[in-house]
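Just so we're clear, the structure is a prediction, and the values are computed from it rather than from any experiment. Counting begins at 1 with the first residue of the sequence. Each ligand, and each atom within it, is numbered from 1 in the order the structure gives. These values consider heavy atoms only, across backbone and side chains, with no hydrogens, waters or symmetry-generated copies.
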Amino acid sequence: MGILPVTLYGDKILRKKAKKIEKIDNPVIKLIGDMFETMRNADGMGLAANQVGSDSSLFIIDLSLVKGYEKLKPMVFINPKIIGQSEEESLVEEGCLSIPDIRAKIKRPEAIKIVYNDPELKEHTLEADKLLARVIQHEYDHLQGIFFTDRLDDETLKRYKKSLLKIKNRKIEIDYPVTPKNVY
Ligand code: ZN
C-alpha cells in the first residue's frame, strides 16, 4: 500500500465521468487500500478515485474521527447511484482535498438514498442524513466530474477565482503529496 498524489482543481480527470467497475481484481483492491492511506494522510473524510488519478466509479468515506461518528466503520462505495433525496436542504461548509484551503457553504439535500456495491460487488441500499449524506453527495459529485465550487452562484464563485487559479498552477503550499501540473 502507499500514499498516492492527490489530483488538484484543473486536472482533467476530475472533470471526467467515472467508469463502472465490472470486476474486483487485484488492482482495484490495491487502489482501495491506497485511497484509504492517501485520505488518512491528508486528514480527509472522503475521497473519490479520480482524486488519485483513477477513472473507476468508486469513493471511500471514513468519519470515525468525527465526534458522534466514532462507531461508523470506514465505507467503500463502488458503482454508486443516488436514487432519492429529501426535499429538505441544508447549508453546510465544505472543503475538498483537490481544492485545498478553499471552504464554502453549499446547499444540498439533508438526506439521500443510495445504492452501491461493496468490495465483493454485493449490492446495498443505504439511507443517510446529516454529515454522512453530505460527504456521500460531495464524493458522488466527484464521480460525475463536479466540484463543490460548481454549486456556488456566479457572484460567490468570482471571489474564489484567483485562489482556484493558484491551485491549478500549484502556487500554494499543501502538506500532502499532489500531482504535478498538467499530468492528469
Ligand atoms: Zn472533494
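Judged as a ring pair (Phe, Tyr, Trp, His ring centres under 6.0 Å), the pairs with a partner in residues 54-94 (not counting sequence neighbours) are, in order, Phe59-Phe77, Phe77-Tyr116.
Panel note: side chain Ser56, backbone Ile21; no donor-acceptor pair is recorded below 3.5 Å. Checked by atom type and distance alone, the side chain of Tyr176 pairs as donor or acceptor with a backbone atom of Leu97 at under 3.5 Å.
The two atoms that bring Val6 and Ser98 nearest to each other are CG1-OG, 3.9 Å, heavy atoms only.
A side-chain N or O of Asp11 and one of Thr179 form a donor-acceptor pair less than 3.5 Å apart.
Within the protein, the number of N, O or S atoms lying under 2.8 Å from the Zn ion (ligand 1) is 3.
Each of Val76, Leu72, Leu132 was compared with Ile61 under the side chain to side chain contact (heavy atoms under 4.5 Å, CB included) criterion, and only Leu132 meets it.
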